[in-house]
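Below, each value reflects all heavy atoms present in this structure, side chains not excepted, and no hydrogens, waters or symmetry copies. Nothing fancy with the numbering, it's 1 onward along the sequence. We count ligands from 1, going down the list as the structure has it; atoms in each ligand are counted the same way.
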Amino acid sequence: MRTPVVMGNWKLNGTKATVADLIKTFAGVANDAANVDVAICAPALYIGQVESLATGSKLKWGSEDCDVHTTGAFTGELSPSMLKNEFNCTYAIVGHSERRGYHAETNEVVAAKFKAAQDNGLVPVLCIGESEAEFDAGKTLDVCKAEIKAVIDLCGIDAFKNAIIAYEPIWAIGTGKTATPEIAQNTHKGIREFLKTFSAEVADGVRILYGGSCNAKTAPELFSQADIDGGLIGGASLKAPDFTAIIEAAKANA
Ligand code: PEP
């Protein structure tokens, strides 16, 4: 049985005041969600504040990206060892489509970030997913497999024993066009079948989250699908009632 995960991705949003309000609320909600892992990935500037407010609760936190280097002459970068050792992050998102798109991160760069995160004790959350044109061309699984394969090539299949995959169709992110439960389930199943060609144990154990305009209304049916183990939530994780309702949907399927 895979423990569901509900993870917020705040992107470049928030103020010290909204961080304080939301984290206090979500710490309480996480404490009441015994069978669900709840986490917030916050803008780097707020991670210390999140740590102060969430420590002692069941709420975990993480970064939205990390660099491949831990220290040195890399101006502006985000060190995985600092995230883990100085700020007690549990997770690091890697390969979000906004990073792949706006920062030209290739599959190989994302795989290197995955490795750096894991080598430094963080749980990488590998984002994968196709563009609208690729979806229309029926290439969804080809894209997802290539994005995963780059990680397997660098880190080996067992790296997914301590990692999370987030399937996030790019056409669904921030657009209000949530993938239907059927589309999402078919893709998640295909991803699991692909992993099974390397290791049945890994395929059965790895948690695969859905992300892309998942909200309080769409979460219950998405989370009830056999291969969907929770969600990576953007916009709705900035609204306390919506994120709380999404956690409730995960509880119902735990
Ligand atoms: C995301 O960016 O990871 C995401 C899922 O965003 P949204 O929920 O806003 O579509």
Notebook entry, point to check: In the protein, what heavy atom is nearest to atom 9 (O) of ligand 1, and what distance, to one decimal place, separates them?
Noted result: G235 N, 2.8 Å

Next item on the list: For the pair E248 and K251, find out whether any cationic side-chain nitrogen is under 4.0 Å from an anionic carboxylate oxygen.
Entry: yes

Next item on the list: Please identify which atoms of ligand 1 are closer than 4.0 Å to at least one heavy atom of N9.
Entry: 1 (C), 2 (O), 3 (O)

Notebook entry, point to check: To which protein heavy atom is atom 1 (C) of ligand 1 closest, and what is the distance rounded to 0.1 Å?
Noted result: H96 NE2, 3.2 Å

Margin query: Looking only at protein heavy atoms, which one is nearest to atom 5 (C) of ligand 1, and what is the separation?
Written below: E168 OE2, 3.1 Å

Next item on the list: Heavy atoms only: give me the nearest I191-L141 pair and the separation to one decimal.
Entry: N-CD2, 3.9 Å

Check: Going by the order shown, which atoms of ligand 1 are within less than 4.0 Å of some heavy atom of G174?
Finding: 7 (P), 9 (O), 10 (O)

Check: With a 4.0 Å heavy-atom cut-off (strictly under), which part of I173 contacts ligand 1: side chain, backbone, both or neither?
Finding: both

Next item on the list: State whether K139 and D142 are salt-bridged, where the test is any N-O pair (Lys NZ or Arg NE/NH1/NH2 against Asp/Glu carboxylate O) under 4.0 Å.
Entry: no

Note to self: Any nitrogen or oxygen of S213, side chain or backbone, less than 3.5 Å from one on ligand 1?
What the structure shows: yes

Margin query: Could you check whether K113 pairs with D65 (Lys NZ or Arg NE/NH1/NH2 to Asp/Glu carboxylate O, under 4.0 Å)?
Written below: yes

Margin query: Classify the ring geometry of F74 against H69: parallel below 30°, tilted from 30° to 60°, perpendicular beyond 60°.
Written below: parallel

Next item on the list: Please could you name the atoms of ligand 1 that A172 approaches to less than 4.0 Å, counting only its heavy atoms?
Entry: 10 (O)

Item checked: T18 and D21: side chain donor to acceptor below 3.5 Å -> no

Check: Which protein non-hydrogen atom lies closest to atom 8 (O) of ligand 1, naming both residue and atom, and how far is it?
Finding: G234 N, 2.9 Å

Notebook entry, point to check: Are the aromatic rings of F114 and F160 close, with centres under 6.0 Å apart?
Noted result: yes

Next item on the list: Could you tell me whether ligand 1 has any atom less than 4.0 Å away from a heavy atom of A236?
Entry: no

Notebook entry, point to check: Only one of R99, H96, R100 clears side-chain hydrogen bond (donor to acceptor under 3.5 Å, both in side chains) with E105; which?
Noted result: R99

Check: Looking only at protein heavy atoms, which one is nearest to atom 2 (O) of ligand 1, and how far off is it?
Finding: K11 NZ, 2.6 Å

